[in-house]
Amino acid sequence: MDFKATEKKWQAIWEKNKTGYDKKSNKPKFYALEMFSYPSGAKLHIGHWYNYGPSDSYARFKRMQGYNVFQPIGFDAFGLPAENFAIKTGVHPKSSTRRNIETMEKQLKAMGAMFDWSAEIKTCEEDYYKWTQWMFLRLYEKGLAYRKEAPVNWCPSCQTVLANEQAAGGICERCGTQVVKKNLTQWFFKITDYAEELLTGLDGLDWPEKTKLMQKNWIGKSMGCEVEFTLENGEPLRVFTTRPDTLFGVTYVVLAPEHSLARALTTEENYAAVEEYIDYASRANEIDRLSSAREKTGVFTGSYCYHPLTGRPLPIYLADYVLASYGTGAVMAVPAPDERDYAFATKYGLPIEQVIEMQGSDTTLPYTEKGHIVNSMGFDGLDSEEAKIAIATELAKLGRGGKKINYRMRDWLVSRQRYWGAPIPVVHCPHCGVVPVPDKELPVKLPEEVEFRPDGKSPLEKCEEFMNTLCPKCGGKARRDPDTLDTFVCSSWYFLRYADAHNDKAPFDKAAVNKLLPVDVYVGGAEHACMHLLFARFFTKALRDMGYLDFDEPFKRLVHQGVILGPDGNRMSKSHGNVVSPDDYVETYGSDAFRLYLMFGFSYTEGGPWNDDGIKSIAKFMERVEKTVLSAYAVAPDQTGLYGDNERALDYARNFAISRVRKDMEAFSFNTAIARMMEFLNALTKYSTAEKKNTTLYRTAAKDLILLIAPCAPHFAEELFEKIGGKGSVFDQPYPEENPEALVLDETEYAVQVNSKIVLRAKFKNGMTDEEIKERALSLDEVKSRVGDKEVKKCIVVKGRLVNLIVG
RNA sequence: GCGGAUAUGGCGAAACCGGCAGACGCGCAGGACUUAGAAUCCUGUGGGAAACCAUGUGAGUUCAAAUCUCACUAUCCGCACCA
């Protein structure tokens with residue numbers, strides 16, 4: 001088959017006939033979604049193919065199963081790479097992005113996927129980012145967007161803010177200077193308001209367990225207790241702990257260097273040391289933080305606070321092993337049962353007092369296990385769990401704390417000091433403060449004439465015609481927000497926009513999203529486990545609470561494709577020099593063969609090192625399919641009704657294949673699905689050599705093979721289907737369903753074991769009782785010779801599999 | 001350090017709920033067709049002469065373990081002082 005001509009032909013037909021989602025259809029909907037991609041300068045790489053090819057086959061499979069399949073595509077078009085490219089080459093991000101999108105569109109079409117191009121989205125276009133801004137405003141109204149100071153990566157040499165990925169290892173990627181932290185007032189989304197629901201909602205999702213666990217850990221719920229110590233001036237100092245049972249072992253208290261009371265609590269004689277330490281901690285960069293073996297450092301403030309139950313004075317230290325952003329930014333230090341406190345106490349000569357009785361042979365501190373409480377006044381003798389409750393209750397009674405839940409997850413910082421993103425739609429007015437831009441003035445257009453080369457300022461801040469505006473509230477002179485939104489904001493709702501991509505009155509119509517969503521299967525890389533997938537869930541829940549949609553979770557089922565590595569087993573990258581381009585293979589073998597090979601050669605969710613050894617064999621397989629199918633149709637069908645052993649065998653192979661392929665396709669187990677098709681083809685080939693044939697059966701079996709393979713090799717199957725006289729598209733044919741009767745055989749092969757060792761394999765008629773099987777097995781010569789006159793003590797029969805005789 | 005995953009022939013990989021390990025394919029070997037090669041087709045293919053031995057290593061449970069339990073090793077991924 002001339003695959004080039006075939007691909008072109010069918011792609012044109014599909015485009016003309018609009019084979020995508022049909023709004024008027026009353027078939028059940030199926031929303032199949034692949035993560036949209038970034039329009040990179042290079043062509044489609046193997047990763048794109050590996051994501052989009054097999055998942056398109058899955059979508060086509062669903063279509064043939066009678067679903068009205070919606071499979072949209074688009075581009076996550078804002079972001080840093082286009083901006084960097086612009087800085088390097090001077091080409092405006094808008095034009096490079098548009099050009100890249102065009103290339104990718106062409107290539108995606110050439111792949112032969114049934115994307116619904118009518119719903120295409122490009123997040124950098126005004127008709128999209130207008131609604132991204134609208135989302136921001138709704139979150140702001142709802143109190144879910146707020147401003148606060150937060151550190152950014154700042155390169156003192158380039159005088160610019162760096163994204164985390166540009167500051168990897170604490171070094172500026174441009175000039176190699178050490179990056180410092182600098183505080184800026186930035187926008188946050190209050191994702192933490194949804195921490196609990198984001199956690200509990202995971203239970204009902206058909207997602208990889210690993211991904212759910214990662215989100216769970218990311219959210220990091222911990223149940224503990226807040227404890228209020230008293231400062232010398234009588235003011236409270238609160239800490240969070242998960243071990244209130246060790247409260248009597250506290251020997252000092254530690255604040256994060258950034259804690260608001262750090263300076264206030266410093267006595268005069270400690271002032272210089274504390275200032276120096278705070279400065280030291282602020283300079284601590286990522287490299288330091290990467291080493292978990294980092295030695296603990298800290299400084300005494302000179303102040304004390306009092307234990308809530310004993311009244312004992314406790315020295316207050318500052319140390320950067322305490323995080324300002326978690327809990328209250330202060331901890332009670334209990335060196336005996338805590339490794340960190342123990343290390344710190346040892347270094348600074350602070351007392352270490354045991355409150356948990358050690359058990360067994362373990363006699364070294366720190367002893368972090370739970371156990372019986374000692375040296376704890378009235379609580380002695382309780383075990384840790386009892387003591388936790390008792391002590392928390394006691395604190396609550398005294399109004400000095402009590403049970404408390406904390407989450408590790410932080411609010412989402414969405415401000416970016418970048419050009420190529422959606423402008424944040426607020427105005428800063430000297431009189432009115434922060435004023436949201438009214439909906440009717442959206443979009444706040446991203447200006448095109450902007451100096452985005454780094455020179456110390458946010459790119460937009462240098463664009464006076466953008467920055468200068470009037471306050472929507474008082475009409476006076478005001479300035480726009482110079483930052484743009486994190487691109488993750490754009491991708492947090494694109495799957496909703498697809499459902500109503502051309503709506504110019506709203507981001508989407510409520511009925512439209514309620515009809516199409518949630519997404520039935522979402523396919524994409526595992527690297528998004530904690531960012532994109534969490535943000536999208538947050539948006540969905542927030543929009544639900546504002547009444548814009550009626551479901552709780554955006555993605556019912558999630559599948560991660562594996563990663564195709566370079567032939568050397570490393571991640572493909574230019575620096576490794578191991579990048580394999582799909583283009584040559586597609587050129588030589590065709591897009592169907594290439595897709596089929598990706599599906600057959602790897603376990604889909606595992607991926608693995610690239611290896612093209614088998615790609616020829618896939619081409620050969622397709623040729624054999626073609627040859628065999630056409631030979632079945634080369635002679636006129638007969639009505640002999642011949643149905644002997646050969647026919648039964650073929651019918652069995654056919655129905656077995658159908659049944660297994662359906663299961664495997666559903667499970668994204670494409671490699672085994674194709675293996676089953678190969679087996680079926682082998683059976684067909686074998687039948688083709690039979691002297692007398694039931695050509696009617698032969699034909700229907702051959703047709704079933706085309707239908708089975710159609711989702712995986714769409715152009716090829718369309719062409720074959722047409723050649724055998726099929727009318728219309730093969731994708732309008734129902735996917736084959738097995739006939740269970742053909743799968744019932746008269747007899748089954750059993751493994752016959754004596755003392756769990758296999759003696760032979762024997763066929764037994766189906767329907768025999770266990771006792772009959774035992775008797776038949778015992779009557780076999782090979783068994784007799786093994787058993788001899790020994791007593792049969794036990795006989796295990798596993799129906800359809802084996803019989804095991806225990807003798808002795 | 002914590003959490004998770006993975007480990008099966010020369011290679012990519014299969015194996016339902018504990019029930020015949022290695023499906024399917026590559027590669028390899030032999031054969032057929034060819035003047036010859038390519039292509040194609042057929043046969044064989046975990047190791048071992050065999051008894052038997054084999055699913056990273058070592059124990060255990062069981063009539064039966066790739067699968068369950070415990071300990072360990074290696075690789076990969078995520079988190080990384082979260083009190």
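Per chain, numbering begins at 1; letters A, B, ... match sequence-line order. Computed from a prediction, not measured in an experiment: that's the story for all the values here.
- Taking atom NZ of A/Lys799 as the reference point, atom P of B/rC20 lies 17 Å away to the nearest angstrom.
- Distance CD (A/Glu749) to P (B/rG19): 17 Å, rounded to an integer number of Å.
- You'll find that the side chain of A/Asp338 is closest to B/rA83, out of B/rG19, B/rC20, B/rA83.
- Using the six-membered ring where Trp is involved, A/Tyr277 and A/Tyr280 have ring planes that are tilted, between 30° and 60° apart.
- With distances taken from any side-chain atom of A/Lys620 to the nucleotides B/rU40, B/rA83, B/rA21, the minimum falls on B/rU40.
- If you take atom C1' in B/rG22 and the same atom in B/rG27, they sit 16 Å apart, rounded to whole Å.
- Atom C1' of B/rA71 sits at a distance of 15 Å from the matching atom of B/rU61, rounded to the whole Å.
- Within the structure, a side-chain polar atom (N or O) of A/Ser603 is placed less than 4.0 Å from OP1 or OP2 of B/rA14.
- Within the structure, every side-chain polar atom (N or O) of A/Lys794 is placed at least 4.0 Å from both OP1 and OP2 of B/rA64.
- Protein atom CD of A/Gln753 is 13 Å distant from nucleotide atom P of B/rC63, rounded to whole Å.
- Nucleotide B/rU73: paired with B/rA7 (Watson-Crick or G-U wobble, both distances less than 3.5 Å).
- The residue among A/Glu339 and A/Ser756 whose nearest nucleotide of RNA chain B is located toward the 5' end is A/Glu339.
- For the pair A/Ser384/A/Ile373, a side-chain contact is recorded, criterion being any heavy-atom separation below 4.5 Å from C-beta on.
- Base contact: A/Val322 has a heavy atom under 4.0 Å from a base atom.
- Regarding A/Ile674, its CD1 atom lies at a distance of 15 Å from the P atom of B/rA13, rounded to whole Å.
- Here the separation of B/rG19 from B/rA13, taken at their P atoms, is 23 Å to the nearest Å.
- Nucleotide B/rG12 holds its C1' atom 18 Å from the OH atom of A/Tyr604, rounded to whole Å.
- In the set B/rC20, B/rA13, B/rC41, B/rA13 carries the atom at the smallest distance from any side-chain atom of A/Asn671.
- An OP1 or OP2 oxygen of B/rC24 is reached within less than 4.0 angstrom by no side-chain nitrogen or oxygen of A/Thr672.
- Closest contact between the side chain of A/Phe600 and the listed nucleotides B/rA83, B/rU40, B/rG25 involves B/rG25.
- Here A/Phe594 and A/Tyr597 keep their ring centres 6.0 angstrom or further from each other.
- Considering only side-chain atoms of A/Met214, the nucleotide from B/rC20, B/rA83, B/rG78 that sits closest is B/rG78.
- Nucleotides B/rA38 and B/rA21 have their C1' atoms positioned 38 Å apart, rounded to a whole Å.
- Distance from the side chain of A/Arg801 is smallest for B/rC16 among the nucleotides B/rC24, B/rC26, B/rC16.
- Candidate nucleotides B/rC63, B/rC20, B/rC11 were compared by shortest atom distance to the side chain of A/Asn611, and B/rC11 ranks first.
- Note: CZ (A/Phe602) to C1' (B/rG25) measures 13 Å, nearest angstrom.
- In a base pair of the Watson-Crick type (N1 to N3 plus N6-O4 or O6-N4) or a G-U wobble (N1-O2 and O6-N3), with each distance short of 3.5 Å, B/rA50 is matched with no nucleotide.
- Place A/Val798 and A/Gly608 on RNA chain B by their nearest nucleotides, and A/Gly608 ends up nearer the 5' end.
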As a quick check of understanding, evaluate salt bridge (charged side-chain N to carboxylate O under 4.0 Å, His left out) for A/Lys212 and A/Glu209, giving each step before the final call.
CA-CA 5 Å; A/Lys212 290 206 260 185; A/Glu209 285 306 319; 3.7 Å; yes
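- In this entry the distance linking CG of A/Leu805 with C1' of B/rG19 reads 14 Å, nearest Å.
- Listed candidates were B/rG19, B/rC20, B/rA83. Nearest to the side chain of A/Ala751 is B/rC20.
- Using a 4.5 Å heavy-atom cutoff, the side chains of A/Glu771 and A/Lys774 are in contact.
- Using atom C1' as the reference point in both B/rU6 and B/rU67, the two lie 15 Å apart (nearest Å).
- Note: NZ (A/Lys210) to P (B/rC77) measures 9 Å, nearest angstrom.
- Candidate nucleotides B/rC63, B/rA14, B/rA83 were compared by shortest atom distance to the side chain of A/Ile796, and B/rC63 ranks first.
- Within the 4.5 Å cutoff, no side-chain heavy atoms of A/Pro315 are placed close to those of A/Tyr348.
- A donor and an acceptor atom never sit less than 3.5 Å apart when one is taken from the side chain of A/Asp613 and the other from the base of B/rC26.
- Contact of the A/Phe764 side chain with the A/Lys799 side chain is not registered, since no non-hydrogen atoms from C-beta on lie closer than 4.5 Å.
- Base pairing annotation: B/rA29 forms a Watson-Crick or G-U wobble pair with B/rU43, both donor-acceptor distances under 3.5 Å.
- Phosphate contact (OP1/OP2 of B/rG25, side-chain N/O of A/Asn682, threshold under 4.0 Å): present.
- Using C1' as the reference atom, B/rA64 and B/rC20 are 11 Å apart when rounded to the nearest Å.
- In this structure, B/rG12 forms a base pair with B/rC24, meeting either the Watson-Crick or the G-U wobble geometry with both donor-acceptor distances under 3.5 Å.
- Separation of the P atoms belonging to B/rU75 and B/rC70 is 23 Å when rounded to the nearest angstrom.
- Pairing of B/rC2, defined by two Watson-Crick or G-U wobble distances under 3.5 Å, is identified with B/rG78.
- Relative orientation of the A/Trp610 and A/Phe602 rings is parallel, given thresholds of 30° and 60° on the angle between their planes.
- When the P atom is compared between B/rU8 and B/rA15, the two are found 15 Å apart, to the nearest whole Å.
- In this pair, A/Phe535 and A/Phe488 present their aromatic rings perpendicular. The plane angle is above 60°, beyond the 30 to 60° band.
- Residue A/Arg410 is in base contact, counting any heavy-atom pair closer than 4.0 Å across all strands shown.
- Among B/rG19, B/rC81, B/rC20, the nucleotide with an atom closest to any side-chain atom of A/Tyr321 is B/rC81.
- Across the strands present, B/rC68 finds its partner in B/rG60; the criterion is a Watson-Crick or G-U wobble pair with both atom distances under 3.5 angstrom.
- One N or O donor and one acceptor, one from the side chain of A/Lys296 and one from the base of B/rC81, sit under 3.5 Å apart.
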